[in-house]
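Note on naming: letters A, B, ... go to the chains in the order of the sequence lines (proteins, then strands), and numbering restarts at 1 for each one. From a predicted model like this one, the values you see are computed outputs, not experimental measurements.
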Protein chains: 2
Amino acid sequence: MNYPEHEQRPHTLRLRRLGIDTYQEAVIYMRRDCHVCRAEGFEAQTRVEVHLNGRMLVATLNVVDSELLAPDEAGLSEAAWRRLNARPGDVVALAHLAPLESLRHVRAKVYGHKLAGDAVQAIVSDVAAGLYSDIELAAFITACAGARLDLGETIALTRAMIEVGERLSWNYPPVVDKHCVGGLPGNRTTLIVVPIVAAFGLTMPKTSSRAITSPAGTADVMETLTEVKLDVPAMRRVVEREGGCIVWGGAMRLSPADDVLIRVERPLDLDSEGQLVASILSKKVAAGSSHVVIDIPVGETAKVRSTQAAQTLSALLVEVGHAVGLTVHTVITDGAQPVGRGIGPALEARDVLAVLRQEADASADLRERALRLAGTVLAFAPGISPGEGARLAREILEDGRAWNKFEAICAAQGGLRELPVAAYMHVVKAVQSGRVTEIDNRRLARVAKLAGAPRAPAAGLKLHTPLGLTVEKGQPLFTVHAETPGELAYALNYVALQPGIVYVEAET
Amino acid sequence: MNYPEHEQRPHTLRLRRLGIDTYQEAVIYMRRDCHVCRAEGFEAQTRVEVHLNGRMLVATLNVVDSELLAPDEAGLSEAAWRRLNARPGDVVALAHLAPLESLRHVRAKVYGHKLAGDAVQAIVSDVAAGLYSDIELAAFITACAGARLDLGETIALTRAMIEVGERLSWNYPPVVDKHCVGGLPGNRTTLIVVPIVAAFGLTMPKTSSRAITSPAGTADVMETLTEVKLDVPAMRRVVEREGGCIVWGGAMRLSPADDVLIRVERPLDLDSEGQLVASILSKKVAAGSSHVVIDIPVGETAKVRSTQAAQTLSALLVEVGHAVGLTVHTVITDGAQPVGRGIGPALEARDVLAVLRQEADASADLRERALRLAGTVLAFAPGISPGEGARLAREILEDGRAWNKFEAICAAQGGLRELPVAAYMHVVKAVQSGRVTEIDNRRLARVAKLAGAPRAPAAGLKLHTPLGLTVEKGQPLFTVHAETPGELAYALNYVALQPGIVYVEAET
């Protein structure tokens with residue numbers, strides 16, 4: 001086969017910074033009449049390889065028909081600009097993206113075929129390299145959603161996700177971790193468990209995620225108290241000094257494929273059991289953990305809705321963990337209502353501080369949950385029984401060692417911060433007297449998100465009435481916090497359209 | 001519930017035309033520091049309602065951090081600009097998109113639940129109104145792909161798609177139509193069937209689609225010969241004068257939901273049986289047809305791969321057709337190799353002209369397929385048996401009435417055009433002597449697409465060697481046609497990486 005000679009000469013354009021923020025999507029802007037579009041037949045939505053100084057990314061083309069750019073210039077979305085480390089005037093080389101062979105496997109999965117190990121590897125590797133467009137990611141996520149990944153596929157996905165990322169190692173085994181599968185607003189036990197376990201003397205290098213579909217992830221909550229965007233050397237210094245840390249995992253590329261998938265899972269609000277397990281366990285292995293406790297809250301409006309579903313998920317976590325060399329203990333907990341009182345980054349952080357400082361009005365449910373999990377983690381230590389673990393955990397919290405350790409960890413991560421307070425609040429009141437018989441976690445989380453959480457750290461809501469409480473008509477049920485008037489109005493509009501989020505049953 | 005007063009005042013910005021072409025995606029550009037972003041908490045990727053002069057659309061926000069816009073200005077992607085009929089300086093009102101209730105049904109479908117009729121209606125209505133983002137569309141398409149829609153869901157989807165669109169009616173029953181489910185390059189029988197049927201005297205108001213995943217759709221091929229973007233009144237004039245037409249259906253909003261879904265199906269290259277049936281039949285009902293012949297080519301590399309799959313699809317088409325008042329006859333045909341010689345808009349048009357003009361080297365397989373389908377359509381006429389239909393179809397082609405009618409239809413649609421010819425060609429030759437034993441339709445179609453088809457009308461390829469032919473080493477197998485050198489190189493690169501697209505088996 002003879003190739004035409006011109007294939008050897010790459011097409012180039014000079015970069016101009018347009019300052020357009022598309023969130024994480026890589027977009028390239030080129031004039032319709034530029035020589036590259038004309039020679040390559042590029043049009044809007046073409047997937048283009050962009051090369052600069054040995055770096056490559058794939059961007060979606062937006063075609064410019066105006067004077068925003070000169071014909072020999074190209075622009076990039078801010079995400080692409082940062083990933084290429086570009087400077088104005090840099091010359092980029094451009095080419096068609098070769099057809100992605102791994103998409104064949106995604107299509108096969110969509111049509112109901114089982115994914116083999118090498119197919120999963122090919123997909124995950126292309127995803128981590130940023131070669132998939134957002135709609136291709138959406139198709140892959142949807143094809144795996146629900147319970148469409150079997151055990152073998154889930155193990156393959158977990159292994160593939162581990163392989164494409166960094167992997168930490170630590171000198172003091174066992175290296176322990178804890179995780180909550182989520183769905184329960186306010187369940188911020190990590191910030192209490194880590195200082196207890198580290199104060200005891202186990203190594204707990206905790207990497208947490210930001211919210212995917214919830215009003216706050218652990219990293220979002222910790223970020224209101226201290227710096228969480230640490231790189232691996234900085235994290236290592238904190239753990240070597242204090243025995244534990246709570247940092248954002250996304251900054252250290254422990255699971256780069258997962259970081260990409262989350263960007264599309266979040267707006268779709270879709271969860272997949274197999275992807276959930278792969279996402280959790282791949283990050284634990286990458287963080288260098290050997291033993292993990294996983295909290296599975298069960299409740300009608302939690303992520304896991306029945307004890308049976310929790311048991312299925314538990315078995316899958318233990319089995320996949322075993323396949324990738326992790327000892328997994330699961331704890332199935334009550335997920336009927338939010339934990340603590342705050343929902344949203346700063347409001348949840350406030351609940352955590354009250355428990356750690358043993359304030360009189362600290363939330364008992366948050367404290368007891370954290371102690372149960374900390375006790376289970378401590379039982380990973382040689383010679384410690386579960387009962388002894390629970391006793392030790394309580395002792396460490398009550399004698400102030402946990403709070404001292406938390407302060408030390410925050411100091412090591414960059415210093416303890418003042419919590420932000422929302423500028424706009426509105427109290428939602430009971431429309432009749434009676435007993436609080438139901439709390440809809442999902443709709444409550446939606447209210448907090450509409451109010452701006454987790455992007456706006458002070459936003460969210462504070463719940464005043466736990467399940468079972470008797471209230472009078474006009475008594476406050478919850479207070480919505482927002483940083484802007486628009487978001488407050490938006491959240492309250494939803495509350496008005498969805499009565500009974502906190503359901504008060506009239507007493508007869 | 002008390003609403004804050006400021007909710008009543010909508011936020012506004014002045015429009016500035018940026019001239020950014022995002023294909024069909026609606027994007028709005030706003031300064032990060034504008035009062036709307038600040039008050040509403042808008043950030044990149046927020047879904048924003050844009051109101052102008054009683055029109056509304058939903059756009060995805062891209063945030064601008066530069067002087068592209070003044071703080072009181074907003075920009076729109078060209079697709080959004082056109083849909084709002086905007087002019088520079090127009091003032092748009094902006095609001096958060098209220099959460100889409102219909103996405104709840106999409107999620108339920110992803111998790112394996114059956115879609116009820118009202119759920120399908122809610123989804124299709126929101127899709128047609130442009131309220132879904134591209135990744136939400138991708139999730140819906142993927143959730144329905146393969147055979148995940150059952151009969152009831154498929155009927156519901158077909159009905160919902162009919163309801164959201166326009167619906168034509170005609171005075172002369174029966175109103176007939178034909179359709180091919182696709183996957184067979186070059187199968188351009190419509191351009192031969194319509195003039196035969198119209199010359200006979202039946203009404204055949206044919207609306208065709210552009211390519212979704214193939215190198216050319218019927219509308220793309222017809223467009224190289226005459227105008228196809230007719231509105232409903234213009235189409236009606238053509239049909240009233242000539243008894244038939246071949247126009248692009250997308251211009252007349254017969255199935256606006258399908259038009260939106262196709263935009264995402266196309267890059268995903270995914271087909272769903274239920275969506276295929278709904279897409280085909282909803283457009284036939286909308287076009288006012290009462291009787292339809294559907295060609296289902298079967299071949300290892302065609303869209304339908306086995307006779308059994310063809311029979312399943314056939315039964316579904318007949319049953320769903322019956323449910324929506326259409327008489328459907330299916331014809332299962334051989335799909336082992338491309339029909340005719342050309343693949344790509346102008347190259348396929350050339351094959352059609354040769355058959356209609358009865359040129360000596362006209363492709364016999366294209367002619368015989370077209371005659372079989374035309375005969376089946378003619379048998380819808382009162383008193384005509386299938387055998388008689390076949391005989392009449394051949395007579396009308398051979399005595400020149402079909403060509404005369406085709407010329408008349410083209411004249412009525414805007415005049416017959418000269419076919420474009422590609423500027424760049426490359427002959428791919430046999431690497432050994434032997435017999436052509438396999439032709440991979442899918443990879444051949446990919447070559448034509450990489451060469452620029454269907455966007456570049458002259459691009460594609462011409463196949464010189466049908467199945468069974470004996471060839472010498474060095475003999476031409478096919479010629480790749482492209483309008484740009486970049487696309488030619490790109491297609492040839494793929495050919496080099498994928499040997500055996502036209503497979504020559506050495507004779508022993």
So what's closer than 4.5 Å to chain B heavy atoms on [X]: side chain, backbone, both or neither?
X	answer
A/Glu43	side chain
A/Arg455	side chain
A/Lys449	neither
A/Arg446	side chain
A/Phe42	neither
A/Ala143	both

Can you tell me how far [atom2] of [Y] sits from [atom1] of [X], rounded to the nearest 0.5 angstrom?
X	Y	atom1	atom2	answer
A/Ile20	B/Ser66	CD1	OG	6.5 Å
A/Asp21	B/Tyr29	CG	OH	12.0 Å
B/Arg263	A/Ile135	CZ	CD1	9.0 Å
B/Asn493	A/His96	CG	NE2	11.0 Å
A/Gln24	B/Gln45	CD	CD	9.0 Å
A/Asp134	B/Thr60	CG	OG1	10.0 Å

Item checked: Toward chain A, the part of B/Glu273 with a non-hydrogen atom under 4.5 Å -> neither

Next item on the list: Go through the atoms of B/Arg32 and report whether side chain, backbone, both or neither lie under 4.5 Å from a heavy atom of chain A.
Entry: side chain

Notebook entry, point to check: Passes side-chain contact (heavy atoms from CB on, under 4.5 Å), B/Leu68 versus A/Leu68? Steps please.
Noted result: CA-CA 8 Å; B/Leu68 290 189; A/Leu68 291 189; 3.7 Å; yes

Margin query: Looking at every non-hydrogen atom in both residues, tell me the closest pair between B/Leu268 and A/Ala139 and how far apart they are.
Written below: CD2-CB, 3.8 Å

Next item on the list: Kindly give the heavy-atom pair with the smallest separation between B/Ala98 and A/Tyr490, and that separation in Å.
Entry: CA-OH, 3.5 Å

Checklist line | Polar side-chain atom of A/Arg148 near backbone of B/Tyr111 as donor-acceptor pair, under 3.5 Å | finding: no

Check: Looking at A/Val110, A/Val64, A/Val431, which makes the most heavy-atom pairs under 4.5 Å with chain B?
Finding: A/Val110

Item checked: Which of A/Asp65, A/Asn62, A/Ile141 touches chain B most, by non-hydrogen pairs under 4.5 Å -> A/Asn62

